[in-house]
2 protein chains.
Amino acid sequence: MVSSGNNYNIQFMLYSKSAEYAIQAMIHLSEFQTDKPTMISSIAKSYDIPYQFLAKIVQTLVKRRLIIAKRGRNGGINLGRDAKDIYLHEIIDAVDGPPPEKDICAIGLDYCSDDAPCPLHHKWKPIRKNIREMLSSENLEELAHRVIEKRELMNK
Amino acid sequence: MVSSGNNYNIQFMLYSKSAEYAIQAMIHLSEFQTDKPTMISSIAKSYDIPYQFLAKIVQTLVKRRLIIAKRGRNGGINLGRDAKDIYLHEIIDAVDGPPPEKDICAIGLDYCSDDAPCPLHHKWKPIRKNIREMLSSENLEELAHRVIEKRELMNK
DNA sequence: GAATAACAAGACCATTTTATCTTTTTATAA
DNA sequence: TTATAAAAAGATAAAATGGTCTTGTTATTC
Ligand code: FES
Ligand code: FES
């Protein structure tokens, strides 16, 4: 996006669109968790996610055991384990791939290191740590509770 | 990147590759600022940026007056104004486009707002503020000084 | 056991981002 | 004033990401 310069979504992107959809779907599963599985199509509809695209994403979550799928009539998907044992970063890593082994420098000067810090290093490093903590500390159960609260707040 | 899930660069992306190149080039200009203009090709070589691609990016920086270009033999580019009056976010906005008017929710649930916060809101909002402050508080002159320090550190 | 309803999977398509190729314009130097 | 060296510009291509279509597979219900 060089010449017309109009990208509104790239700034401060924490994960891909695919991962975003994955998170939304997982929160939905956690929110409406029952014994009966939920249809992918109904989740897609709730969050305005293209159905086929979400189905693809779900496939990779199934492979990573974050979701259990049941085929056939009355089939659908459920969480792979208890909602309070699933953390955001697991979902992101499953969809976007694992984080790089060496940290990436904020302004792309080789790798990030304390020994040869780039000009942003001392400010960026703690921020990056905060982001990681945010994504590692929240389990799905809590997230779902707060989404429910949000809904109640909006509907009263 | 859904099925093979292997994206190593997307996590915590602050700006596009184009913007990253732009920042590197601007820091370089600031670092080696003289009366004589610097050739785009020499900057491209220093930072391993594809020359033609950087040339395109420079064109938009010229339009935004962040860079002044001089054509013809012995031509090249220079900073559009004093290095200490150029801030990182200007470069990013010029290349990636301006930030969205409404903040974007970290997990894509409508827009971000204090009234209907998503589960990540209370953690994400201050982080986002920190990032913005980081990008708004650093001017090119300081950045260049610290790059020079880094180089000295590595070469002694 | 046939019809149906769900996920699985692979091929395909679209858009955006990144990169390259080619030609044009401009200024300098000889 | 001609050759040269630089940026400007436009067309094109490649790669990554996001999205769609079609067919297969599996389980349920009747
Ligand atoms: S060295 Fe650049 S962010 Fe750490
Ligand atoms: S509402 Fe989601 S980040 Fe603010």
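In what follows, chains carry the letters A, B, and so on, assigned in the order in which the sequence lines appear, proteins first and then strands, with residues in each chain numbered from 1.
Nearest to the side-chain atoms of A:Met39 among the listed nucleotides C:dT20, C:dT18, C:dC7 stands C:dC7. When distances run from any side-chain atom of A:Phe53 to the nucleotides C:dA8, D:dG18, C:dT18, the shortest one goes to D:dG18. Of all nucleotides listed (D:dA7, C:dT18, C:dA8), C:dA8 comes nearest to the side chain of A:Ala69. Checked against C:dT18, D:dA7, D:dG19, the side chain of B:Ile40 finds its nearest nucleotide in D:dA7. The side chain of A:Pro50 sits closest to D:dT20 out of D:dT20, D:dA7, D:dG18.
Proximity of B:Lys70 to the phosphate of C:dT28: a side-chain N or O atom is located under 4.0 Å from OP1 or OP2. Listed pair B:Tyr21 / C:dT18 fails the phosphate criterion, with no side-chain N or O lying under 4.0 Å from OP1 or OP2. Not one side-chain nitrogen or oxygen of B:Tyr51 sits closer than 4.0 Å to the OP1 or OP2 atom of C:dA19. In terms of phosphate contacts, B:Ser18 brings a side-chain nitrogen or oxygen within less than 4.0 Å of OP1 or OP2 of C:dT18. Remark: A:Gln59 is in phosphate contact with C:dA9, judged by side-chain N or O atoms under 4.0 Å from OP1 or OP2.
B:Trp124 is not listed as a side-chain neighbour of B:Cys105, based on a closest heavy-atom distance of 4.5 Å or more. Taking 4.5 Å as the limit, some side-chain heavy atom of B:Ile107 sits within range of a side-chain heavy atom of A:Tyr15.
Rounded to whole angstrom, the span from the CD atom of A:Glu20 across to the C1' atom of D:dG19 amounts to 15 Å. When the C1' atom of C:dT17 is taken as reference, atom CE of A:Met13 falls 11 Å away, rounded to whole Å. The distance from atom NZ of A:Lys36 to atom P of D:dA27 is 16 Å, rounded to the nearest whole Å. A straight line from CD1 of B:Ile57 to P of C:dT20 spans 12 Å, rounded to a whole angstrom. Remark: C1' of D:dA8 and CG of B:Leu54 are 14 Å apart, rounded to the nearest angstrom.
Taking A:Lys125 as the reference, A:Asp114 meet the side chain to side chain donor-acceptor pair (under 3.5 Å) condition, with sequence neighbours excluded. Among residues two or more places apart in sequence or in another chain, the ring pair (Phe, Tyr, Trp, His ring centres under 6.0 Å) test is passed with B:Tyr111 by none. Residues satisfying the side chain to side chain donor-acceptor pair (under 3.5 Å) test with A:Glu138, not counting sequence neighbours, are A:Arg146, B:Lys123. With sequence neighbours left out, the ring pair (Phe, Tyr, Trp, His ring centres under 6.0 Å) criterion links A:Tyr51 to no other residue. Applying the side chain to side chain donor-acceptor pair (under 3.5 Å) test to B:Glu90 and every residue at least two apart in sequence or in another chain returns B:Arg81. With sequence neighbours left out, the side-chain contact (heavy atoms from CB on, under 4.5 Å) criterion links B:Arg132 to A:Phe12, B:Asp103, B:Arg128. Shown here are the ring pair (Phe, Tyr, Trp, His ring centres under 6.0 Å) partners of A:Phe32, two or more places apart in sequence or in another chain: A:His28.
When all heavy atoms of A:Leu140 and A:Ser30 are compared, the pair lying nearest together is O-OG, 3.6 Å.
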Pairs under 3.5 angstrom, nitrogen or oxygen only, protein versus nucleotides 21-23 of chain D, please.
from	atom 1	to	atom 2	distance (Å)
D:dC21	N4	A:Gln52	OE1	3.4

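Within residues 71-78 of chain A, the residues approached by DNA chain C to less than 4.0 Å at the level of any non-hydrogen atom are A:Arg71, A:Gly72, A:Arg73, A:Gly75, A:Gly76, in residue-number order.
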